[in-house]
Structures are given as structure tokens and as C-alpha cells.
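Reviewing the structure listed below.
Numbers for residues simply follow the sequence, beginning at 1.
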Amino acid sequence: MKGMIKYILLLLLVVPLLLVSTISMGKSDAKNVQTVISDWQFMWDDQPEALISPTIVRDREKTEWLAGAQEKKRPPQYDGVYSAWNRFTLPDLPWKHSAIMINQVKGQDVLAFLDEEPVYEAKRDYGYTNHALLIPVHPEDAGKTVFIWTNGTHRTMPGIQGEVILGDYEHLQGVFIKNDMKDFILGCSFLIIAVVMLFCCLFLPKYTVSSWMSLSVVILASGTLLITYSPFLYTFYRDLGKLWVSLFDLSLFAVLPALYYYFEKIYGPGPYRILRYLRRFQVAYSGICLIFFVVNIFAPQSTYEVYYFVSVKILGILIILELLLLIGITILYASKRNMDAYIFSVGFGMMAVATVGDLLTFYYRGGHYVFVLWKWGLIAMMVSLIVMLGRKFVRSHEQVLTYSRKLEMFNDELQRSEKMEVISELAASVTHEVRNPLQVTRGFMQLLSENSKDKDREYFDLALKELDRASGIITDFLTFAKPEIEHETRLNVGDELKHVRGILQPLANLSGGTIELELTQDLFMIGNSSKLKQAMINIVKNSIEALDGEGLVRIWAYARNEEIIIHIKDDGIGMDNEDLERLGEAYFSKKSKGTGLGLMVTFRIIEAMQGNINFYSKKGSGTEVVIRFPSIMSTKSE
């Protein structure tokens, strides 16, 4: 999943770079173009379509022609006009294969003439009025007049609205294709990403499918909007123009509900459930637009004006208001230090500002405007949306890993508990049966030793010591089998540790070591004094034996966060990681005559007193034991 998200992000980052390089190439090529005509003229025409001919306009007075692009002004709009004419004269054409490129012409239908000869015709019965023209000419056409006739509705001001460029045909052909290719490539990249994401929905957990699907629909619809808004398809696949317009409308109806649904999945219903209400309202309004869309297909002439009003004018105003509201919600969440809101506010803010700017310009110019900024803002928003979704999947992945680690830890603890339970049951059933014959045997051997010779008494003493050792092992087994703490009282941890030091100080002196005890305050806990001493003696005794001669065993304790923490540290031989992992196992010991039962009993005692124990060691650097018990205040609060 992480690899797929990285691939999508990489694709979104690489595509804009390719587009920038494509645009820069187009600009560098455009520098080689030798002629840009900026003195074309225009004239309104009220003649019916059947009488379209340059011959008609030649007979009119020259004063009827008005300056076009020289002063960068738009021609005044006249009511009742049918169409418009543009004209310009070709200068010398030094190229062997020349061409005229006009990157933007507005009109429902477009006709081009070279003097009296028609050289281009495009008639459309659908509502897309952007045209791009590439007309081949010859050197001998220099001095001839080019006439461009366009018609449109009251929403579209017909005529030339872009640059008129003359140059080599092959060169201009490449520039002509590149001008519209960038939007097509960008839209196709969005479509590829959306298809990949939709395919991935088959392999995602159910709880992530809805958010992933909504984001896929947003990207799919956005890519379709980019492709179908570009003149590329209408120029090279003009016969399918109705299909491209229909896909644009359907994508516009789908993108907003999907975007609100995605918002709701990321942020929840929002303050006062506003996101949920917006999503429901937008779904309903998109449904109304869809109904008008279907009606317009079967009755385009009678319902198109109503359909345009509902799906363009009103929908555009709704988009402006809703985007501003979403910006406010995003800022609200960002103010709460929500990292997803920080990320999304950058991308969505760029898209919203660009889109609102385009829409305001569109309404300010009365619908005579080609949207440009929104596509770049859309890239920023798509990147932020995918980053947010990627963060959500990363968080889910981390939660799964955490759960897996906990599950593994619980499984290990369960196996350990099962092992301990088996040993406990075995110890409980065998201990009493073995202890009685041992005690009888010891008693008789003690009687026999009293009446034996001095030479034989040495052997009796050795046998009695081994019987006592066996009895100690059985006692450890019995303690392990029944670790319940009885007769719990209020204990002063300092007094208990002083007692332990007093017991073991002679053993440390005999080995050449020293025990230091540091207590800074009175520490109290609930427990059994004898069991606590037994556990502490086992640990400190192991530390003394690990000194292997002279050394120091430090013991200190303190209270922190309603816990009593006891440290026992020696500078003995230490242990490696493998030995640390096996501590507490039965019959694991680093001593020649050790059984490992003492430390195993210590673990059970500390566990029974609601404490925990941890060992920290390094080979050759000693060992530190950290024991934590609930303080008496913590126990009372419980």
C-alpha cells in the first residue's frame, strides 16, 4: 500500500514537471516564429447564414470595420447581431510551407476564407465555443485577405480572441498540438491514477473502501473535466463533440458530492453537521441538474436555456459559496492543530482561490472567459488529498503494527503463564509427597550421625547438607506453586531493605564485596514482609555472587508517579541479551550449582504483589535490576 501511494504521488509530481517542460519547449519554439499579426479588424454582421460570403462584406464601407487587437480592447456588444467577421492581410511568406495559427476563436460555427476561397469550416450543434485554427497557406498567397466568420449566442462574444501567428507549417503544427496537449496529458494522468485507485479498492479493508472510493471519484471526475474542457478533443475528434460536452457536465455533477463525502470521511460531519448537510444538498442539486441534462438531450432547443441557467449560472454561484465555506472549515480545523487540516488547507486553499478567481472573472466578463487557473489549483488539491489519505493509511498501518506487537507480547505471556501453570500444578502435587520422606530420612540420619564415629560423621554431615539443599528446592517449588500473598500489611520499604542488607552483608564481606544502601525518603507499600525479603534476598544474593571477588552492590529506592522504584546494581560480570531473555526460566542459571528456581520464585512473588521487574545488563559491565511496586497511595486510590 505504501508503495502504491508513493507511485501515485510520484506520478502527480512528475506530470506537472513534464507539462512545464512541454510549455517551455513551446515557448522556445514560439520565439522562432517570425510574424505575429496584431492589426486584424472586426465587423458585426446581421445577414442570415445562407448569405455568408466575403463578397458581401467587400462591398461595404471601410468605416464599418473596427480595430481589433491593436488596443487590446473587446469589440462593443450589439443587440440583434447574428455573427461577426474578422479580417487581416497576409504579409510576405518566406517559408516554403507556411501556415496561419489562431490559438483562440470564439463561436458556435467558424468559417475561414482566403479572399473568396473557403479554407476552413467547423459547425457545432453543442455548447462548446472554443476553437483553435491551423490553416496552411502558400508563399504566393501573400497580399491576400483572410476572412474569419463566427456566430454565437448572447452568452458568447464571437470572433478572434487570441494571437494570429504566421510561420513554418511543420513548426506551427507542433506548437498547435502542444498548446492543448498539456491539459490532455494532465487529465489522462488523473484518469490513470483514479483507475489504479478504483482497482485497489478490491484489496482494501472494508472500513477504508468508502473514503478511497470517494477520492477516486474526485480524481476521476477532475481528470475528465480537464480533458473535456480542453480544445484538444474538439479539434481532433470534433465528430464526438456532444459526447465530450456530456462527459464534462456529468463530471461536474459528480465531483462536488464526492468531494463533500470525502471531507465528511476525513473530518466527520463537521461543526453543526454542516458537512453532512452540504453533502446531502449537493447530491440533491446534482440530481436536479442530471434530470435537466437528460431532458436537454431529447429536447435541446426548448430546454437548453433553462439547463444552462441551472447547471452553469446557479451551480457556479453555489460552487463559489461552498468552496468559501469549505475554506473556512479547513481553517477551523487547522487552528486546532490538526496536521491533516494543515496539509489539506494548503492544497485546497490554492484550488479554491484559483477556482473562485476563475468564476468571478467569468461572471464579471458576462461569460466571455476561458477558465485557466483552476487546473493548476486542482493539481495542488489532488496532491494534498492523496497525502491525507496516505497519512490515514499510515496511521492505520501503525495501529495494526502496534496491535500485532501487543498480540505477540500477550501470546508470549500466555505461553509463559501456561508453562508456569503446568509447573505449579506439578510442584503442588509432588512437593508434599517428597518433603515428608525427606524429613523422615533426615531425622534418622541425624540420629545415626550422633552415634557414629568421627570418621563417618563427615559423610553424615555431607548427606544432611544435601538433604537440606533438596528441601530448599522443594520449598522453592512450593512457594512458586502457591505465590498468593497472605497477611498483607503496610510495609516501610526502607526498613525491609535495611534488613536484607543486614542479612547479606556478611556474605558480601566474605566474598570481598560491599553493599551500599541509599534511601532519601520514607517509602510505604502494601505487601507481605517475609515474601518481599525473600525476593530481595534472591536478587541481592545473585548480585553478590556475580561480583566474582571485590566489587560493589548498590541499592537505592525512591517514589515517582505513585510508584516505588527499587534499583539493585552491581559491577559484576554481566550478561548478554540471550541470557537476559531466559531469566526466570526454570533450571536456567549461570551458577554451577544453581537451579534457576530462586529467580523464578522472585518473579512470581513480585508479580503477586502487583509489581514488575526489569533487568538491564551488558557483558563485563554489571547488571541493574529495576523493580516497581504500587505505592500505598496508589493502592488506596484503587
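To the nearest 0.5 Å, atoms CD (Gln505) and CD1 (Ile515) are separated by 5.0 Å. Rounded to the nearest 0.5 angstrom, Asp495 CG and Leu523 CG are separated by 10.0 Å. Between Leu504 atom CG and Lys541 atom NZ the span is 8.5 Å, to the nearest 0.5 Å. Expressed to the nearest 0.5 Å, how far CG of Asn612 lies from CZ of Phe603 amounts to 10.5 Å. A distance of 6.5 Å separates CG of Leu552 from OG1 of Thr514, quoted to the nearest 0.5 Å.
In this structure a side-chain-to-backbone donor-acceptor pair under 3.5 Å is present from Ser617 to Met575. Not a single donor-acceptor pair under 3.5 Å links the side chain of Ser631 to the backbone N or O of Ile564.
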Enumerate donor-acceptor pairs with a distance under 3.5 Å from any side-chain N or O in residues 191-200 to protein atoms, sequence neighbours excluded.
none

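Inter-residue side-chain proximity for Glu516 and Ile555 is flagged as unmet; no heavy-atom pair is nearer than 4.5 Å. Using a 4.5 Å heavy-atom threshold, the side chains of Val218 and Ser222 count as touching. Within the 4.5 Å cutoff, the side chain of Thr224 has no heavy atoms near those of the Val255 side chain. Side chains of Thr602 and Asn542 form no contact here, defined as non-hydrogen atoms less than 4.5 Å apart. Within the 4.5 Å cutoff, the side chain of Arg276 has heavy atoms near those of the Arg279 side chain.
No more than 12 heavy atoms of other residues, nucleotides or ligands sit less than 6.0 Å from atom CG of Asn561.
For the side-chain contact (heavy atoms from CB on, under 4.5 Å) with Val500, the lone residue among Ile568, Ile537, Leu532 that qualifies is Ile537.
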List the steps, then state whether side-chain contact (heavy atoms from CB on, under 4.5 Å) holds for Gln282 with Glu322. CA-CA 10 Å; Gln282 193 59 53; Glu322 291 173 355; 2.8 Å; yes

One pair to check against side-chain contact (heavy atoms from CB on, under 4.5 Å): Ile606 and Phe629. What are the steps and the verdict? CA-CA 8 Å; Ile606 293 174; Phe629 289 109; 4.0 Å; yes

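In this structure, Ile605 and Ala535 approach most closely via the heavy-atom pair CG2-CB, 4.1 Å. Nearest heavy atoms, Thr623 versus Gly574: OG1-CA, 3.7 Å. Closest heavy-atom contact between Pro257 and Ser286: CG-OG, 3.5 Å. The shortest heavy-atom contact between Met609 and Ile526 is CE-O, 4.3 Å. Taking both residues in full, the closest heavy atoms of Pro630 and Met525 are given as O-CB, 3.8 Å, listed atom of the first, atom of the second, then distance. Between Asp571 and Gly551, the shortest heavy-atom contact is OD1-CA, 3.6 Å.
His567 meets the ring pair (Phe, Tyr, Trp, His ring centres under 6.0 Å) test with Trp556, Tyr558; sequence neighbours excluded. Applying the side-chain contact (heavy atoms from CB on, under 4.5 Å) rule to Ser404 yields the partners Val400; only residues at least two apart in sequence or on another chain are considered.
Side-chain contact annotation: Ser529 with Lys533, donor-acceptor N/O pair under 3.5 Å present.
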